[in-house]
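These notes are about the structure you will find just below.
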Amino acid sequence: GDSWGIFTFLCAALCNLPALPALNCSEELGAGQSIQQTYDLTRYLEHQLRTLAGTYLNYLGPPFNEPDFNPPRLARAERVPSATVDLDLWRGLTDNARLAANYRAYSRLLCYLRVLDGQVGTAELRHRLAHFCASLQGLVLSIGGVMSSLGYPLPTGPAGPPAPPGAPTAPNDFLKKMDDFWLLKELQTWLWRSAKDFNRLKKKVPPAVVTLRLEARGF
Amino acid sequence: VSPAADPAVISPQDPTLLIGSSLVATCTVSPDFPLKAEDLYWTLNGRRLPAASYSALGPSTLSVALARLNGSRQQSGDNLVCHSRDGGILAGSCLYVGLPPEKPVNITCWSKNMKDLTCKWAPGTEGETFLHTNYTLKYKRRWYGQDNTCQEYHTAGTYSCHIPKDLALFTPYEIWVEASNRLGVAVSDVVMLDILDVVTTDPPSDVHVSRVGDLEDQLSVRWSSPPALKDFLFQAKYQIQYRVEDSSEWKVVDDVGNQTSCRLAGLRPGTVYFVQVRCNPFSIYGSKKAGIWSDWSNPTAASTPRSGECRQQRPPQNTTLRRELKQFFGWVKKHAYGCSNLGIKLYDQWRVWLQKSHKTRNQV
């Protein structure tokens, strides 16, 4: 009872100290910073995506750019990893699994976006897409950085069946437009979900985590 | 539950059509689906097509007739969609309606310091083809068969291309642009040129504008020749343009020749001027032809002296103050003992003494 109180107080006090060279905190400190940065990056990408999606859907033309547009998701569209997951399942994810899901999803989404970049018509769209891909690449690297600093291995290879070099291209132009629509939708959903994922991770890995180290020293 | 097969098939799928043409499209529901022709409807770019244009060609096949089509609303194709009664999408087809491209025109090229070649052109007179049009710039040395394709596009605007290397001098090149879209190809006229005829260079660097002593109506402009001049056997001639700060009208000085300095005269006194210089390489390898003018240098500003400004005249107050202070300190030395009681009281005492001595002086 009392000793725990003292212990918690000591931790709180120590957490507020600026620099503790004797304790090897740099790794946890790094992870805390990286998680915040990754969170910020997802918010920034979410903002960028709004403009990109608006422009792209206008390029596809109505009904794709109509606000209530909701086409059927055909079998072929499921190659894009889905962000929606059962709530309890989501809550129960380990940090490693949570991070890995994000890492795999964005790596895959980046591949598909790059293919899009090569096919799209107008110069303005190509420019926006290229910019977005660069930022998305940054997000993938950032997530990788968080995983490394927490000691988790990076997921190897693409998740699920590897996408063939040309990517399973839709058999006709209209179906391709639908695929593009769903790609952008999934990207949006993933960015919303990632913000929640990283918020959750932020709470579990605060900026100056010292507790673990104190325990190790037989405190 | 996502279906294994497509719910319906549209024919024709993704056709390309000339503006003004008509089209009859059919939507055939897959046998796995319990839909009949009367359960279907069509939309084009999100707008429902009138039922009067529909026709049932079979129990599960509905057709629609489209007449005198306009150019596609977006370059990705018009969206013709077959729906089930509840609005669900069964199938779609992208219609590409437009015109074949026109011959690209006005091809102009220039070479920066004889090292590369940039060309720009304009699309044919109509311009809008409603279809995505690809432009390819091609070039070959006259009398040497091989066609080359330019790779770096949009370097100097949308319709431009840059050839960075492997260009031969003293040999004519044939250059042309091919425009192609889904409806056809158009080739521009061939332009023949020698790299040496279209050479331009960087603008002059280190442009300095300064006053000419006290002269109110003149400014002196000095600059350095562009660095590439040293490497190539060409001369340079220059042009200067200048304007008053709050005007947009430039005055051009044309006869600068190949000097790297010039004096501007007949200017307004006390005015700020903006000056720019540009360069034209000519007599390249001895040819008499002029090159292409460079861009103007960044504007440099300077002002002409104002009338009377430069005379060595100090305003009256300054001189009196100095004299007074000199006198005061001289008096302090004589009448005050050290600087400890230096203060306003002492100054007042001095003023009193000054007045007294003034009176005596005037009395004399």
- Item | Choice from A:Leu60, A:Asn58, A:Asn70 maximising heavy atom contacts with chain B below 4.5 Å | A:Leu60

- Between B:Tyr135 and B:Tyr159, how do the two ring planes meet: parallel, tilted or perpendicular, split at 30° and 60°? perpendicular

- What is the minimum heavy-atom distance between A:Thr38 and A:Val146, and which atoms define it? OG1-CG2, 3.5 Å

- Task: Could you tell me which residues satisfy side chain to side chain donor-acceptor pair (under 3.5 Å) with A:Gln188, sequence neighbours excluded, listed by chain and number?
- Result: none

- Query: Excluding sequence neighbours, so at least two apart, what forms side-chain contact (heavy atoms from CB on, under 4.5 Å) with B:Thr155?
  - Reply: B:Thr118, B:Glu152, B:Ser160, B:His162

- Query: What residues of residues 39-57 of chain B sit under 4.5 Å from chain A when only non-hydrogen atoms are counted?
  - Reply: B:Asn45, B:Gly46

- Which residues pass the side chain to side chain donor-acceptor pair (under 3.5 Å) test with B:Asn79, sequence neighbours left out? A:Lys177

- Aromatic ring pairing B:Tyr139/B:Tyr173, orientation class (parallel under 30°, perpendicular over 60°, tilted between): tilted

